[in-house]
Each structure stands twice: as C-alpha cells, then as structure tokens.
Amino acid sequence: MERTEKERWREAERTGAQWINRGEEEEMEVCGFVPCAWRLCVLALGCVLSGGLLALLLLWVPQWSVRWACVPAPLHLASVLLLRTTDEFGQYFRVWVQTLQVPGVDPLGLGAAGEGAEVGQSFSKGPLESTQPQQVRYFCLQSVVYVWSAGSQGFAQLTALDCGIPVRDFYCRHSAGLPPSTQQYRRLFYGINQIEVKVPSIPKLLIKEVLNPFYIFQVFSVILWSLDDYYYYASAILMMSLLSVCTSLYTVRKQYILLHDMVSAHNVVRCTIYRGDQDTEEILSTDLVPGDVMVIPANGMMMPCDAALIGGTCIVNESMLTGESVPVTKTQLPLPPCGGGPDGALPEPLYDPEEHRRHTLFCGTQVIQTRYYSGERVRAVVIRTGFCTVKGQLVRSILYPKPSDFRLYRDAIRFLLGLVCVAAGGMAYSIYISASMGESVGRILVEALDIITITVPPALPAAMTAGIVYAQHRLRQKGIFCTSPQRINTSGQINLVCFDKTGTLTEDGLDLWGVQRVQDSRFGPPEQEVATEGQSHSPFLVAMASCHSLTRIEGQLTGDPLDIKMFEATGWVLEEPSPDETSNHDLIMPTVVRPAKPSPLETPPCQEQDPDIRELMGRYEVGVLAQFPFSSGLQRMSVVTRVLGERRLRAYLKGAPETVVRLCRPDTVPADFWEVLDGYTRQGLRVIALAHRQLEPKFTWHRLQTISREVIECEMEFLGLLMLQNKLKPQTVPVLAELHRANIRTVMVTGDSMLTAVSVARECGLIPPHSQVIITEAQPPREGQPATVSWSYSQDSPRAQRQESRVSVGPQQPHALPSYHFAMSGRTFAIILEHFSELLPKLLLCGTVYARMAPDQKTQLVEELQKVDYYVAMCGDGANDCGALKRAHTGISLSELEASVASPFTSRTPDISCVPHLIREGRAALVTSFCVFKFMALYSIIQYLCVLLLYSILSNMGDSQYLFIDIAIIMSLAFTTPVNLPRMRLTPLIGWLGTYQR
C-alpha cells in the first residue's frame, strides 16, 4: 500500500509539472504543491527529536522539505511551488505563491492613452475607481516576478512594452503618457522603479554563514571535543573558525556594499513626464512605470529605466553596459508605413530592444546631450523598469551567479563521503572494543563520534582554499583583479582561449593607410592624401566628412575612432548648433561640415542651385539632415545631407565592402572589385567602402523623419575604398607563441571581415605560415531547397597545398601534415548551428577564425566549445564581449570600466600578457589544492588508524598532543605549501593534472 501511494504521488507530481521561460537560458520546470497538516506535524516532531538536525537538512535540500511537507496539486490551486533549472546544475528553488488584489489582470490593459480614444484625448474616470478588484496570483524568484496566466494555465514572466508591441503603437497609443490612475494601477504590478541591492545585516549574514554544513560540522566537533575534555584543542579550533567566519563576513559584506554603492549612485533622480499631449509633471524616477513618457533634458541625465526614443536625438555614453567609452548616437524609432507595406500585406514590425538598440536608451547609461525641435522636447517611452532593465539583468547576474562546476570539487566531495564510510567502520569497531571492555554508554558514544571528526578533518576546506588566497594576492600584484576567487582553480585547466581582435590583439587606434577612388566604374591609383587639389568638394571627400556619428562634447570631437581618423583626414571642420540656436528655429538645426579653408564654390552642371543663396553665403557647407546609425547586424550606416544652396538631397553610405556593393548599381562597381578588396584584406588592412546617391525631389526633410533606411540605402553609386591599418600590440605575438608551446588552442572571435581576420591571424601566429585556411560558407534554405554548406581554400593558402585532397574534419594529429584551419562568418555559424548541428562539433575542433560575429553569437560559440569538453577562456576589451566573458569558464576583461564587474577577472594591463599569468597562477593554485587535499586525507587516515589502535588498549592521545600535531605540524604545512611560486614558463599539461578535463 505504501509503494502504491508513493507511485501515485510521483505520478501526480510528474503530470502537474510545467515549464517557465521555455527555450530560454533560465528555463525551469515547476511543480505545484499544497501544505499537508499531518505531514507538517510529523516533520515538526522530527525536528524536535533530532535536535534541529532534520531542520538543517531540509534547509540544505529544499526539494525534500516540499515533498515531505506538501502534497502535489495543479498549478492553478498550488500555494507552494518547487522549481528546478533544466541546465546541468539542476538547482531547486522553493517559493510561495502570493496573491494581489488589483482592478484588472492585464498589467498594460487599463487606461493607456489611445485605447478606445484618440491620442491626447482627456482621461475620464480612472480604472482604480471603475473596476471591481480581481485576484492575481504571482511569485517572485531572484528579483523576477512571474504572474499566473489564465489563458495558458501557467506562470509567465511579467513583461512590459519590450515584447510583442508594434512599433507604430509607440506613436499611436503610448506617446501621450499615462494618467495618474493608470500609473498607480501599473505600479501595483511592476512595483517601484529601483534596482535595490539590500546589504544584509551582520546578524543575518552570520546566521547564514554559520548554517553552512562546514561550520555546523565544526560546531559539532568543538562540542564533542569539549565533552571529551580536549579544551585547549577545542578552543584553538574554535578561534580558527571564528577568524574564518569573520573574514568571510567581512569579504561578503564588502562586496554587497560595493555593489550597492555602484547601483544606488543614480538610483533615484527627478524626471519630467507627460500627462497628455502638453501637460507635464515632475516625479521621482522610482514612480516610473512602463508606458510613461519621459522628457530627456537638454543637458542629459543618467537613465533610470529602459526607454524607446520617439522624439529627438540623444548622444549616450554606454560604457557601463558595453565597456566602450565611445559615445553612441540614438535616434527616434522609425515610424513604419501604414499596413507594413504598400498593399498592407507585410506584417507590422514589432519592437525589439536588441534589434532597435540604436533607438533605445538603456538604464544606467549617461545621456550626454540631446537635439530637439522648437517646442518639441526629446521624448522617450518607458519600456522596462527595475530588475527587468538591462542594468537590472546585469546586477542579477552578479547577485545570483550560476554555481561553479569543477571536477576536482566533485571528486573531493565523493572522497569525503568515502571517508565517512570508512569512519562508520571505525565507529563500529570502537563500539565493539569499548563495550567489550565495560565502558559506560556515554563514553562509548563520545569515542565513536570522535572517529568521524578524526577521519574527516574540519580544517580541510580552509586548507584547500589557501592556494587560491595566495594566487589571488599574486595576481593583484600583477594588476589582475578577481571577483570570483573559485574561478582561479578553473583557470588552471584552460585549454582554449578566445580572443577578440580589435583592442585585444591589435591596437585600439587606427591609422589611415590610403584611399582608392572609383571613376567611370574603374579604380584609380591608390592615394595617400585624401584632400588633394581639385578634389576638395568631390562626393568621395564629402562622404568621408559627413557619413559618421561624431559630435562635439565640451569642444572635443568625440565618437568612434574610425570615424575620427576618417574625418580628420579630410581637413574639414564640424559645427553643431547650440541649444539656444536650436530653440530659435522651427526646424532642428543640422550638424554642418565644411572645409577648414574657404574655397571658391565648385558647382557641377547637373546640380540644381539657387544662385542668390550661393552667392550670399560664399562658402561650401554640407548639413546632415538625417542619420541612420551604424548597425552591427546591417554592417553599415548612412546619412542624408544637403549642400547649402542646393534643393536636392544626397545620401551617403559607409560600411563593410561586401555589404555596400550589394546596395550599389552594378554598372558603378568596378569589374575587379573583389580582386582589389582581397588584396587589401590579405595585407591585414581594415577596408571601408563608400557610396552615394542623389535623392529624388519627393524626398523632403519632413519625409525623412518617418522613412525607413532601406528606402534610402538602395541604387547607390559606388565611390571607392578607404583603407585603415590596425597594428598588432607588442605583446600579442610572444604571448600567442607561449600559449601554443603549452598546447593551448587559440581562437579569434571578431566582428571584422573574414579576410582581414584571416590576415591578422596569420600575422600574429594564430595560423602558422604553411597551414591551409579553409573558409566555410553556409546558405539557408531557399525556395524549397535545403540548407547547404561549402568549403573553399583561402586565397592566401600555400599554392602547393591548394589541390584536391581529403580533409579530415576532426582533431588534428600531433604530426599530421598539412594542418587545416577552418574560418567561418557569424552568418555561417548561425546556419550551421540551426541546420547542421551534428557537423558543428567537428568544425569547432579545427576552427580558428570566426569573423563578423554578433555579440550573442560570441556567447553561443563559447557555449558550443564548452559542450565539446573545452575549458574556455575569453579575453576581450569589454566592447560587445560581455556575454561571452560571463559565459566562459574564465572571462578576462581588458577594460576597467563598470562593465568589467560582470567578468571574473579584470586586467589593468591592456594587452593579452595577463592570460599566461592567470593560467600559471591557476595551475599553481590547482596543484596546491590537490596536493593539500591528498596530504590532509593521508594525515586523516594515519591518525584514524592510530586512534583505533589506542582505543584497543583503552587509551587515546592527550589534549596537547592533538594540539601540537594538528596545529603546529599539519596546519603549518598545509598553509605554507601554497607559498611556492608558479613555474615561470607554461608547459603542456601532463600526468594527473591533464586528466582533469570535464
């Protein structure tokens, strides 16, 4: 009968299970329960009879506490939920379902502007007054709220305006702000807009620390030794434990305080929001809810939330999120045409924060300055608040990190369990000997339990972490700072390192190498000087001077280093209107670029002009009327300009050559375009293509504000190529050579072009001189045809080896010749990951260059490399590498900005010389931990046998003997062994250390 009940209980639990965050990184399985009175009474009695040990066990294993105290129930009736992550860790969480009385079940469904009324219409009776209260069930886990959905009959994460909202709705429904009643209603769901990092009190931290199984065992040991009259030894161990607890409390509390100060520095600011089309109100940022329309002041502000820009332009510093200090230009969301297309057949485009990140202001970023119309302020619609923002997600990743998974720790726990089994045998022997000798029951019990404290040494965890402490101290002296000390041991097993290219392997700055213009669809000779005589107003020069996102901040030209080098080469000057000039005009004053030295105006015969205006001004000026910012996904940017005195507008395009050439008319592209491009990329040069187009008269300034970039970026005329040189850092080649000698694989992951990446890889030694490079290309399914994969030799592969041969896709043999290296683009990687998943692991074993990789693709690459049993390190400068830095076993940020807080390691030295230092210290700490573990285990077995022999003659060692052996001899050796320095030169892993691969 008992077995049948248990099976029925398991079946009910299994059938009642559902999933939340399905298909996402935080996917979890959830089961529902309700408390059972008789089970709770039995558990309470067990906790009392066990002296609290059962309560501690239930605290450490939450799934047992739920299954023993509750019975399964459907989710819609459950009051207790048991959640389990579906990753390799399988963590359990226990949460209580809470209820909320609100006048509605849809967080965004009441009172939004434009729902059932025109935008700007006055609001009538508020929803809190006119709607009957309803009950909403929810629970909160790791600062994320999950709400019960009656439609899907499951819990789902509370979302706001960042998911499934048409772009048009931001203008038609959410542009006039919210009435106070609706704002109050939404605050019931979303809470206050604050990323609150609570610093736990010292008593709370102390209780949490002391309830750790390690300290519980030490308390048990101290009590037992005191009962056995070992007062000095017990006092010594107690003092060591108190010192360890105090040190741990100080470290943990200090980290909480640092994180709290970092987050709360700009947590509360004053904001101006719209109440209708014209009325505004000043409130605290903590009162913001999704749907509020903020006013971004002209002098900028620290963003307290994520918001979509629907009016004006902002210059933003996103260093807190990306690690890149270069300001970014944010423009308003493009308003799509009605119906999504001319015939209304195309789907309505939906807003996505990542896809529209150039139109989104993220929480924690600094708005430096704004541009706006007269009478129309810069406006942004709040889309996410609190921990749902990008900054909130970053803080959550720090507050709730994934547990470390390291084989040494797993094996250590298994070995300790084995020691417990050995101790059980010793306890049985001790009880038999003592009972046969006529010992009292109390004495027999104390001596039997004492066997456990001898076999499993309480000081083992502290001794094993000594090597990590010493290694962390040595790393700090070398300018490498660690936020996760346990990762140091993991660093000792690194066998593959991924490097970003620009700013990591190569210098940050770029030097202009030269240009090559196109005339009559033919390339001219390469030129070193750009602003040559007779070319002062050429379209090529105007494209270089206007097609960028530069701005002046406090008189200093600021922006992308590539744009700065390109603009400075023209010799032109950039002028921006002041806020006073902007407010005095009905239209926004454009950014103007012009030659530094006035020259006679050169007017091509085909250009339409107003002679009076041209004669009045007497100089050549180009105004930038609209800008479509650079997108890593599109790999291009463009601007629309107007020359003073001309009526027609001109568009200029800049971007990756392979992207730009597809947008140009074929008759304007030279026939030898690809040969010329390959020649420059094989030299390791960064190549940028330029194009332009004279727009039709129908394109006016007003139409530019709502038009999509695809309408402008087509039928362009190819202008030529711009070449920039990116030099290797001095430490790149020797460090890579040292890693190769140690049999550590090195991989380049970059957003640059394929041929440039391959050329730099050869130059720095990632690819040996005589090795072949095979470029992998994949095509997605089209018109019923399946996806395809093709391979071709790179043009710089040795000609003697470029012949028909069988390529073994798999790990390279030590003496296999020739050596093959696969190179692929981010697009190919995504297609293979989706359609050829069984082929990807084989390609990863020989892949060396990954070009045109988007930030999320870098993270996916690290995950896939980990799946094929690599211990992966990621080294980047912080720009677009944050996800990969967090996901890798060892993430090394070369940026000291706030984004590095998400990386386990940060180096003050801005080159890759920190990588071998970290691996050496990791190996030293790992070897030390392993040796100390073996030493302490052997010492425990020896003392265990010694005590059993003494028990056989009813004797034992004295207090001073235990004190001298454990403190003076054992602990001194355990804590001085890690003082040894690591080996100066990296060597291949051999012996037992080489076997510790996951």
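- Listed for the Lys330 side chain is no donor-acceptor partner under 3.5 Å among the backbone atoms of Gly312.
- Residues meeting the ring pair (Phe, Tyr, Trp, His ring centres under 6.0 Å) test with Phe628, sequence neighbours left out: none.
- Val382 is not listed as a side-chain neighbour of Ile273, based on a closest heavy-atom distance of 4.5 Å or more.
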Practice problem: Before giving the answer on side-chain contact (heavy atoms from CB on, under 4.5 Å), spell out for Phe189 and Val289 the whole-Å C-alpha distance, their side-chain angles and the decisive distance to 0.1 Å. | Solution: CA-CA 9 Å; Phe189 286 90; Val289 296; over 6 Å; no
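- Rounding to the nearest 0.5 Å gives a distance of 11.0 Å between CG of Asp306 and NZ of Lys391.
- Tyr146 has its side chain out of reach of Leu158: every pair of non-hydrogen atoms, C-beta onward, lies at least 4.5 Å apart.
- A distance-only check finds no donor-acceptor pair linking the side chain of Arg137 to the backbone of Val97 [under 3.5 Å].
- In this structure, Glu713 contributes its side chain and Glu710 its backbone to no donor-acceptor pair below 3.5 Å.
- Between Asp292 and Arg186, none of the side-chain N atoms (NZ, or NE/NH1/NH2) sits under 4.0 Å from a carboxylate O, so this pair counts as no salt bridge.
- Taking 4.5 Å as the limit, some side-chain heavy atom of Ile257 sits within range of a side-chain heavy atom of Arg253.
- Here Thr365 contributes atom OG1 and Met302 contributes atom CE; the two are 7.5 Å apart, rounded to the nearest 0.5 Å.
- The line from CE of Met301 to CD1 of Ile368 is 14.0 Å long, rounded to the nearest 0.5 Å.
- With Arg384 contributing its side chain and Ala160 its backbone, the two residues share no donor-acceptor pair below 3.5 Å.
- Put simply, the side chain of Glu575 never gets that close to the backbone of Val593: no donor and acceptor are under 3.5 Å apart.
- Classified by interplanar angle (parallel below 30°, tilted 30° to 60°, perpendicular above 60°), the ring pair His356/His359 is tilted.
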Self-check item: Candidate pair Gln332 and Tyr171, rule side-chain contact (heavy atoms from CB on, under 4.5 Å), full reasoning
Solution: CA-CA 11 Å; Gln332 68 183 52; Tyr171 292 95; 3.9 Å; yes
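- A donor-acceptor contact shorter than 3.5 Å is absent between the side chain of Asn193 and the backbone of Asp287.
- Side-chain atoms of Arg377 and Thr272, non-hydrogen and from C-beta on, do get closer than 4.5 Å to each other.
- Scanning both residues, Leu161 and Gly291, for their nearest heavy atoms gives CD1-N, 3.6 Å.
- Side-chain atoms of Gln627 and Arg358 include no donor-acceptor pair closer than 3.5 Å.
- With a 4.5 Å cut-off on side-chain heavy atoms, Met28 and Phe155 do not count as touching.
- Inter-residue side-chain proximity for Pro103 and Leu188 is flagged as met; some heavy-atom pair is nearer than 4.5 Å.
- Nearest heavy atom pair, residue Met294 against residue Pro304, reads CE-CD, 4.1 Å.
- Rounding to the nearest 0.5 Å gives a distance of 9.5 Å between SG of Cys163 and CD of Gln157.
- At distances below 3.5 Å, not a single donor-acceptor pair connects side-chain atoms of Tyr190 with backbone N or O atoms of Pro107.
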Exercise. Apply the test side-chain contact (heavy atoms from CB on, under 4.5 Å) to residues Leu81 and Phe93: give CA-CA distance (whole Å), side-chain angles for both, the deciding distance (0.1 Å), then the verdict.
Key: CA-CA 8 Å; Leu81 299 179; Phe93 301 97; over 6 Å; no
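- Note that the OG1 atom of Thr389 and the CG atom of Asp162 stand 10.5 Å from one another [nearest 0.5 Å].
- At a threshold of 4.5 Å between non-hydrogen side-chain atoms, the residues Val95 and Cys140 do not count as touching.
- Here the closest heavy-atom approach between residue Gly164 and residue Pro166 is recorded as O-CD, 3.6 Å.
- Closest approach of Leu178 and Pro290 over heavy atoms only: CD1-O, 3.8 Å.
- Side chains of Lys654 and Asp563 form a contact here, defined as non-hydrogen atoms less than 4.5 Å apart.
- Contact record, Leu333 with Ala308: CD1-CB, 3.9 Å, taken as the closest heavy-atom pair.
- The structure places CD1 of Ile383 at 10.5 Å from CD1 of Ile165, a figure rounded to the nearest 0.5 Å.
- The closest donor-acceptor contact from the side chain of Tyr274 to the backbone of Glu281 lies at 3.5 Å or more, if one exists at all.
- Scanning all heavy atoms of the two residues, the minimum distance from Met637 to Val639 falls at CE-CG1, 4.1 Å.
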Practice problem: Take Val144 and Arg396 through the side-chain contact (heavy atoms from CB on, under 4.5 Å) test and state the conclusion after the steps. | Solution: CA-CA 9 Å; Val144 177; Arg396 284 183 61 240; 3.2 Å; yes
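- When each of Cys271, Cys305, Cys363 is checked for a side-chain contact (heavy atoms from CB on, under 4.5 Å) with Ser285, only Cys271 meets the rule.
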